[in-house]
Peer 1: 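Before anything else, here's the structure in question.
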Amino acid sequence: MSKLLAWLLLALQMLSPKHAMTAAVYRVARIRLRPVKDFLIRRFVSMYAIDVEEADHPVPDGYASLNDFFTRSLVADARPIERAAATIVSPVDGTVSAAGAIESTSLLQAKGKRYSLSDLLMTDVPDAERFVDGQFATLYLAPHNYHRVHSPMNGRLIAARYVPGSLYSVNDASVSLVPGLFTRNERLICHFDGEPVSFALVFVGALNVGSISTPWTDEIRPRRKGTVQEFDLQKSDHSPDVKKGDCIGHFNMGSTVVLLFPPDAVTFEDTLVAGSEVRMGRAIGHVAQAHRD
C-alpha cells in the first residue's frame, strides 16, 4: 500500500463514525436468517481464504450467524499446545506487529513510533512498574485468523479492567501512522499471577470489532467514553485459574493482543520478529532460568 493511500484511508477513518459503523457490523454479523447468514459466511470464507477443514462444525450449516462462525472453535488437536513447563506459547494465531524489550516505560508501536506503558495500562502505578524494562509482544489478528485467545502459560487472573476508547483499525497502515494507537483504542487489560512469572494480556479493540468476550466479563460492547471499569472477579462463577492453552476470550472481528512480561523474566524466540506469523500453542519464548523451579 502506498503512503498516500494509507494517509487517505486514515483520513477516512478519522472522519467516519467508527462506533456507529462498528455497531452496524455487530448487528449484521448476528443475523440468524438462514439465507442471509449462509451468504455472509460463504462470502467471508471466500474473501479471506479460510481453512474450513479446521472448523469444528460444518460450514455454513453448523453456525447460527456470521459471528458464530467468526468466533468458532477448532477440531480437536488443530492447535497442539507446547506443554514444557518453561515454555511460553502464543495466545493467538496472527502476525507479530512488534516484539522485544520495553525501554524503561516505552514500547515500540512501529518504526519511528513508541507509546507509554502507563498509558496502555491506564491503571495504578505499581501495576505499570511491574513491567518497566520488561518484554512485550504485539500480535495482530487478521480477519482470516482463528479468533479465540488462549493463555500463554499457567496463571491466575487477579485483575481485569476495561478502558473505553476509539476504534481505529489496527492494520499495518494505521499502526504506522496513528501515534499511540493502542492507547487510544478501547481495550480490556487482564493481569495474571503466572507460574512462575506474572504477565499481562491486553485485548485491543478496533474498527468493526463488535465486542470482546471473556469468561469473567461476559460480552463487553464498545464505549466511546467513560471511566475505567474494574471487574469484580469475586462475583464471577468462572475460576480465575487458567492452564497454558486454556481459552480466555475472543474478539468478535479482528484485532490485536499485547503481551507484557516483567524484566529479566522471559527470553523470546529469535523468530519472534515483526512480520513473522505465530500460531496458537506454539512456543514464542521461555521463562528465564532464574525464575524456573
Peer 1: Does CG belonging to Asp270 count more than 12 external heavy atoms closer than 6.0 Å?
Peer 2: no

Peer 1: Do Val92 and Val149 come within less than 4.5 Å of each other through their side chains, counting heavy atoms only?
Peer 2: yes

Peer 1: What are the two closest non-hydrogen atoms of Pro215 and Cys247, and how far apart are they?
Peer 2: CG-O, 4.4 Å

Peer 1: So, do Phe44 and Val59 sit near enough that their side-chain heavy atoms are less than 4.5 Å apart?
Peer 2: no

Peer 1: Going by heavy atoms in the side chains, are Val89 and Lys244 under 4.5 Å from each other?
Peer 2: yes

Peer 1: Go through the structure and list residues passing side chain to side chain contact (heavy atoms under 4.5 Å, CB included) with Gln109, not counting sequence neighbours.
Peer 2: Lys113, Tyr115, Val175, Leu181, Phe182

Peer 1: Will you find, in the side chains of Ser106 and Arg114, an N or O donor that is under 3.5 Å from an N or O acceptor?
Peer 2: yes

Peer 1: Using the ring-ring contact (aromatic ring centres under 6.0 Å, His included) definition, which of the options Phe70, Phe203, Phe69 pairs with His147?
Peer 2: Phe70

Peer 1: Please determine if Glu54 and Arg279 form a salt bridge, counting it only when a charged side-chain N lies under 4.0 Å from a carboxylate O.
Peer 2: yes

Peer 1: Tell me whether Ile41 is reachable from Val36 by hopping between hydrophobic residues (I, L, V, M, F, W, Y) whose side-chain heavy atoms are closer than 4.5 Å.
Peer 2: yes

Peer 1: Decide yes or no for Met280 and Ile81: does some side-chain heavy atom of the first lie under 4.5 Å from some side-chain heavy atom of the second?
Peer 2: yes

Peer 1: Do the non-hydrogen side-chain atoms of Phe251 and Thr71 ever get within less than 4.5 Å of each other?
Peer 2: no

Peer 1: Is a salt bridge present between Asp193 and Arg156, judged by a nitrogen-to-oxygen distance below 4.0 Å?
Peer 2: no

Peer 1: Side chains of Glu277 and Thr95: donor-acceptor distance under 3.5 Å anywhere?
Peer 2: no

Peer 1: With heavy-atom distances below 4.5 Å as the criterion, would you say the side chains of Asp93 and Arg79 are in contact?
Peer 2: yes

Peer 1: Which pair of non-hydrogen atoms, one from Pro196 and one from Val287, has the smallest distance, and what is that distance?
Peer 2: CG-CG1, 3.7 Å

Peer 1: Less than 4.5 Å apart, any side-chain heavy atom of Ser97 and any of Leu139?
Peer 2: no

Peer 1: Flag yes if Ile248 and Ile158 sit in one hydrophobic cluster, no otherwise; membership is Ile, Leu, Val, Met, Phe, Trp, Tyr, and two members link when side-chain heavy atoms are under 4.5 Å apart.
Peer 2: no

Peer 1: After noting the C-alpha distance and the side-chain angles of Leu40 and Val28, does the key distance pass the side chain to side chain contact (heavy atoms under 4.5 Å, CB included) rule?
Peer 2: CA-CA 9 Å; Leu40 291 173; Val28 170; 3.9 Å; yes

Peer 1: Have Ser116 and Ser118 got a donor and an acceptor in their side chains that come within less than 3.5 Å?
Peer 2: yes

Peer 1: Any side-chain heavy atom of Leu121 within less than 4.5 Å of one from Leu260?
Peer 2: yes

Peer 1: Which residues pass the salt bridge (Lys or Arg N to Asp or Glu O under 4.0 Å) test with Glu230, not counting sequence neighbours?
Peer 2: Arg161

Peer 1: Who are the salt bridge (Lys or Arg N to Asp or Glu O under 4.0 Å) partners of Arg148, not counting sequence neighbours?
Peer 2: none

